[in-house]
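Within every chain, numbering begins at 1; the chains are lettered A, B, ... in the order of the sequence lines, protein sequences first and strands thereafter. For clarity, every value in this text was computed on a predicted model and none was experimentally measured.
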2 protein chains.
Amino acid sequence: MKVIAAAKELNYVPNLLGKQLKSGQTNMLGFFTNSVSGPYFYTLIESIARTADSLGYGLNVFVTKRHDTIQNYLFGNVVDGVIVFESRITENDAKMIEHHRIPAVFLDRPKTGDKISSITFNSYKEAFDATAYLISLGRRKIVYLAGYPDNFDSNERQRGYEDALQKYGIPVNRSLILPGLFEEPTSYSEMRRFINLHPEDVVDGILAGNDISAIGAMRALKENGINVPQDVSVIGFDDVEIARYFQPSLTTTRNPIGRQGVITVKQLVSMIAEDAKGQMVVLDGQMIVRDSTAIKQ
Amino acid sequence: MKVIAAAKELNYVPNLLGKQLKSGQTNMLGFFTNSVSGPYFYTLIESIARTADSLGYGLNVFVTKRHDTIQNYLFGNVVDGVIVFESRITENDAKMIEHHRIPAVFLDRPKTGDKISSITFNSYKEAFDATAYLISLGRRKIVYLAGYPDNFDSNERQRGYEDALQKYGIPVNRSLILPGLFEEPTSYSEMRRFINLHPEDVVDGILAGNDISAIGAMRALKENGINVPQDVSVIGFDDVEIARYFQPSLTTTRNPIGRQGVITVKQLVSMIAEDAKGQMVVLDGQMIVRDSTAIKQ
DNA sequence: CCGTTGAATGCAACCGGTTACTTAATAGAA
DNA sequence: TTCTATTAAGTAACCGGTTGCATTCAACGG
């Protein structure tokens with residue numbers, strides 16, 4: 001009683017390590033990722049960090065590529081649960097996660113185990129719908145500007161794009177799939193190269209892997225006097241801030257990133273604290289029609 | 001010997017907490033911040049996380065606003081050193097940081113103690129130079145689109161703006177300082193309001209608190225048929241990705257954010273591991289002239 | 001005045017490592 | 001063979017909390 005008062009007087013702060021060691025829990029979540037760059041990540045991390053904080057958890061961000069370090073952090077009892085995105089976590093690690101029964105949420109692949117959840121976006125359906133929308137505007141020759149080769153979302157989007165074409169009886173043309181790599185300059189130069197190859201017979205629609213590559217493609221179009229949206233209609237993904245303010249403003253699909261973060265943390269915490277089972281959640285995006293798409297004259 | 005081999009066989013991972021408790025160091029750095037949103041933060045965090053990783057440190061990101069939580073993490077021996085930006089760290093905390101002698105780096109204010117470093121940008125000088133550049137282009141009536149009211153950089157930039165005006169004999173006009181709040185919509189509406197108030201006599205230069213507010217201002221100008229850069233020349237800050245690709249591409253000042261992160265971590269680690277003293281580092285930015293500025297006809 | 005009760009305090013063990021020290025085992029030299 | 005030098009293995013204490021249990025103390029009713 002007196003001791004506590006005295007401690008407060010001297011503004012004593014307890015050593016958390018002793019507490020964590022004894023109790024066997026750290027009240028920390030680990031976020032394992034390759035990179036934190038780009039609008040997607042900061043929205044996600046912001047959401048994860050705030051939700052974790054509101055539930056009494058702190059956040060550890062691990063950007064390491066060194067595999068031993070990953071293992072030390074994963075299984076060194078330094079976090080109570082882990083969130084995994086685009087990280088250097090191998091199949092073997094995933095098995096160990098399952099074996100150690102450390103609660104985990106995957107954001108870039110389907111769940112694999114009992115104590116594992118996955119919270120992903122419905123990239124396939126979004127791309128399918130966006131492509132169908134372009135077709136409904138009278139577009140028939142549609143480019144897909146792909147992202148990183150092994151990226152889950154990029155591949156899902158391509159699958160949706162191809163399936164939509166087929167559904168409406170348009171044959172898939174591999175030469176219309178360009179490697180934009182999610183980057184402005186690459187998308188710009190790929191598009192410029194394409195235009196130069198087919199000066200007479202350009203496309204009438206572009207489905208870009210993300211907004212920034214859509215902007216790159218539009219730059220190439222503008223340079224060649226091709227009009228957006230009349231000649232070519234363009235759709236991006238992500239709804240980054242600039243999509244709204246760019247001219248022409250960009251039709252795109254917005255994913256509920258903030259909600260992904262909130263659900264991720266809530267699901268993870270309920271696996272930790274209430275021993276809940278893992279769940280697989282697929283979140284639907286929302287297409288936002290702006291000025292970069294219009295019906296073909 | 002055999003034991004170690006057997007341990008490896010069973011892919012045993014040591015409990016880091018015991019190690020940390022005994023050794024008195026955690027090899028973790030703490031990053032205390034209000035928010036992680038925006039291009040500045042992800043560039044900074046990416047740089048900090050990678051540099052920390054390369055030096056054998058992990059990164060803890062604390063976005064909490066609860067003050068007891070901040071104290072627990074700050075002084076609970078859960079990190080070996082702290083990085084502070086725009087956080088809810090009070091003056092009292094800063095004193096405690098100094099008293100506990102926990103190494104710290106401030107990114108949003110000058111250093112105050114012996115074991116404390118500060119790594120900041122030279123926002124004053126950058127704004128001074130940018131304003132002087134506008135004046136050298138023949139601009140005399142220059143708006144400053146301010147950021148958040150209490151933001152260190154925004155205020156420093158305003159100081160540089162005012163001093164540059166005075167140096168060249170242009171009186172500072174308070175009505176030319178608009179609250180853009182670092183946001184596109186706010187900057188747009190403030191600029192539109194301003195144009196409507198002075199339909200005959202618009203400005204001929206804009207120094208925006210950041211790029212995104214510059215883009216907002218340019219939207220208002222364009223809507224009113226005012227030409228950039230001929231009628232009004234516009235300069236932003238930060239050189240976000242879109243500044244290069246916007247039309248007209250934006251003249252802006254790029255801060256070495258990545259370098260700030262690297263220096264921050266190196267300085268922090270040398271205070272931790274080599275008992276180095278705190279330093280005060282001011283980094284210079286670089287103005288990048290693009291198409292949003294031109295000499296006045 | 002004594003016995004019971006409740007609160008407050010003191011004490012020891014434990015969490016899982018590290019470290020220093022002791023003891024055992026092996027190898028090499030006389 | 002025997003003694004010493006070197007290495008390996010075993011032991012106990014410690015880091016700073018938490019937890020359970022034993023002890024002390026004060027308060028109160030009988």
Considering only nitrogen or oxygen atoms on both sides, find all protein atoms under 3.5 Å from nucleotides 16-19 of chain C and state each distance.
from   : atom 1 : to      : atom 2 : distance (Å)
C/dG16 : N2     : B/Gly18 : O      : 3.3
C/dG17 : OP1    : B/Tyr12 : OH     : 3.1
C/dG17 : OP1    : B/Asn15 : N      : 3.1
C/dG17 : OP2    : B/Tyr12 : OH     : 3.4
C/dG17 : O5'    : B/Tyr12 : OH     : 3.2
C/dG17 : O5'    : B/Asn15 : N      : 3.2

Please tabulate, for side-chain N and O atoms in residues 261-269 of chain B, each donor-acceptor pair with protein atoms closer than 3.5 Å (sequence neighbours left out).
from     : atom 1 : to       : atom 2 : distance (Å)
B/Thr264 : OG1    : B/Gln260 : O      : 2.6
B/Gln267 : NE2    : B/Ser117 : OG     : 3.0
B/Gln267 : NE2    : B/Lys277 : O      : 3.2

Quiz prompt | Partner set under side chain to side chain donor-acceptor pair (under 3.5 Å) for A/Tyr73, not counting sequence neighbours | solution =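 Residues passing side chain to side chain donor-acceptor pair (under 3.5 Å) with A/Tyr73: none at all.
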Exercise. Check the surroundings of atom CZ in B/Arg159: do more than 12 heavy atoms from other residues, nucleotides or ligands lie under 6.0 Å from it?
Key: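 Count over threshold, so yes.
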Quiz item: Should we count NE2 of A/His99 as having more than 12 external heavy atoms under 6.0 Å?
Solution: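 Counting neighbours around NE2 of A/His99, 12 or fewer heavy atoms of other residues, nucleotides or ligands fall under 6.0 Å, so no.
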Quiz item: What integer distance in Å separates A/Gln25:CD from D/dT19:P?
Solution: 10 Å
Review item, side-chain donor-acceptor pairs of residues 50-57 of chain A, under 3.5 Å, at least two apart:
from    : atom 1 : to      : atom 2 : distance (Å)
A/Arg50 : NE     : A/Glu46 : OE2    : 2.9
A/Arg50 : NH2    : A/Glu46 : OE2    : 2.5
A/Arg50 : NH2    : B/Asn34 : O      : 2.9
A/Thr51 : OG1    : A/Ser47 : O      : 2.7
A/Asp53 : OD1    : B/Thr64 : OG1    : 2.8
A/Asp53 : OD1    : B/Arg66 : NH2    : 3.4
A/Asp53 : OD2    : B/Thr64 : OG1    : 2.9
A/Ser54 : OG     : A/Thr51 : O      : 2.8

Practice problem: Can you see which heavy atom on A/Phe237 is nearest to which on A/Gly209, and at what distance? | Solution: CB-O, 3.5 Å
Quiz item: How large an angle, rounded to 10°, do the end axes of the helix from C/dC1-D/dG30 to C/dA30-D/dT1 enclose when each is built from five base pairs?
Solution: 60°
Practice problem: Could you verify whether a donor N or O on one side chain and an acceptor N or O on the other, from A/Thr69 and A/Asn72, lie under 3.5 Å apart? | Solution: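 No, A/Asn72 and A/Thr69 have no side-chain donor paired with an acceptor closer than 3.5 Å.
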Self-check item: Set of side-chain contact (heavy atoms from CB on, under 4.5 Å) partners for A/Asp153, sequence neighbours left out
Solution: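 For A/Asp153, the residues satisfying side-chain contact (heavy atoms from CB on, under 4.5 Å) (neighbours in sequence not counted) are A/Ser123, A/Asn151, A/Arg157.
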